[in-house]
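One structure is given here, and the rest of the page talks about it.
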Amino acid sequence: MRFNKLDLNLLVALNALLAERNISRAAEKIFLSQPATSSALARLRAYFNDELLVPSGRQLILTPRAKELVEPVREILMRIDTTIAAQPLFDPATETRTFTLLVSDYTTAVLIPPLLEALYREAPGMRIRLRDQTDRPAEVLEQGEADFLVIPSQYLAKEHPSAALFEEDYLCVTWEGNTRVRDRLTFDDYLACGHVIATFINTHTNPLATFDGWFMESFDVKRRVEVTVPSMSALPALVVGTDRIATVHRRIAERARETMPIKLWEPPPRIPRLVQMLQWHKHRTNDPAIAWIRDKIINAATLV
């Protein structure tokens, strides 16, 4: 199909190329061979009379014209997808589509089990794909690579609708044999201990920025980080047998105490509560399936 002499199929390739800035990754994303994707890029360059992506060292960078196209092309494809893919009639009992949720391992541990239980009863054919958390969740949503984000409130994209799920606070976790922390945990103890922390697996920026940025701004001090891991739920086990400390979501810490030789402490620095949010794309608000699953996620959050 052509519109003003442009093969509309090329818009899919253009969107992938603008997002990935790499021919091989773009080809993989849209299930084309690398030669076919290179050919699509050549045709796009001819149509726009612009190089669009130009080599710079070992990477490709966008030309000014390409940068202007990023948002419009993404918006067009999302509107097409939501218009065509959305079904006017939705029956959860017979639904077989796959829906993708961007979640952390913490969310997977506390929210996903009651959600999957509900979906298994009411929509047994529906498939759920959980995708690892990232520090750029809005891009994942806008690229159509996730149907829902379950993220802290500070990561919300302002242009997309959202709903509050639940709040969470934090506890400090130490091994019950910790030689530095015995009867109480002071602020000096907190600073003196080596810290075990969780970071995003696929972060593009400073993985300590969110928590440590707040910590340094509030107290003008820096924690001594000795161990970093890509999992919040793993933190309690990693202080056992050491004098280290971890700052962990309360639900994770209390579950871990049932099976591990650890002690839980209220954090001596006052840590802001986590507000966990659900977000979906603005163009999919009226999709009956999205609306139904959204309500199920919100309901599951009342059970955590």
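Sequence positions, counted from 1, serve as the residue numbers for this chain. Scope of the values below: all heavy atoms of this structure, side chains included, with no hydrogens, waters or symmetry mates.
The line from CZ of Arg224 to SG of Cys193 is 7.5 Å long, rounded to the nearest 0.5 Å.
Paired with Leu41 under the rule side chain to side chain contact (heavy atoms under 4.5 Å, CB included), one option of Leu10, Leu14, Leu60, Ile23 passes, and it is Ile23. The one candidate from Gln279, Arg284, Arg294 that meets the side chain to side chain contact (heavy atoms under 4.5 Å, CB included) condition with Phe148 is Arg294.
The closest side-chain heavy-atom distance from Asp147 to Trp280 is not below 4.5 Å. Met260 has its side chain out of reach of Trp175: every pair of non-hydrogen atoms, C-beta onward, lies at least 4.5 Å apart.
Between Glu226 and Arg244, at least one side-chain N (NZ, or NE/NH1/NH2) sits under 4.0 Å from a carboxylate O, which counts as a salt bridge. A salt bridge between Glu266 and Arg250 is present, with a side-chain N of the basic residue lying under 4.0 Å from a carboxylate O of the acidic one. Using a cutoff of 4.0 Å between basic side-chain nitrogens and carboxylate oxygens, Arg180 and Asp189 are not scored as salt-bridged. A salt bridge links Glu142 and Arg74; the closest N-O separation between the charged side-chain nitrogens and carboxylate oxygens is under 4.0 Å. Salt-bridge annotation for Glu168 and Arg251: present, with a side-chain N of the basic residue lying under 4.0 Å from a carboxylate O of the acidic one. Glu51 and Arg65 are not joined by a salt bridge, as no carboxylate oxygen comes within less than 4.0 angstrom of a charged side-chain nitrogen.
Between Ser231 and Ala234, the shortest heavy-atom distance links the atoms OG-N, 3.3 Å.
With hydrogens and angles ignored, the 3.5 Å screen pairs a side-chain donor or acceptor of His160 with a backbone N or O of Lys282.
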Assess whether side chain to side chain donor-acceptor pair (under 3.5 Å) is satisfied between Thr107 and Gln276, documenting all intermediate values.
CA-CA 9 Å; Thr107 298; Gln276 198 75 320; 2.8 Å; yes

Under the criterion side chain to side chain contact (heavy atoms under 4.5 Å, CB included), I'd like the reasoning laid out for Ile297 against Leu165: C-alpha separation, chi angles, the key distance, then a yes or no.
CA-CA 8 Å; Ile297 296 173; Leu165 292 178; 4.0 Å; yes

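Counted by atom type alone, Asp105 and Thr108 present zero donor-acceptor pairs between their side chains at under 3.5 Å. A side-chain N or O of Thr247 and one of Tyr190 form a donor-acceptor pair less than 3.5 Å apart.
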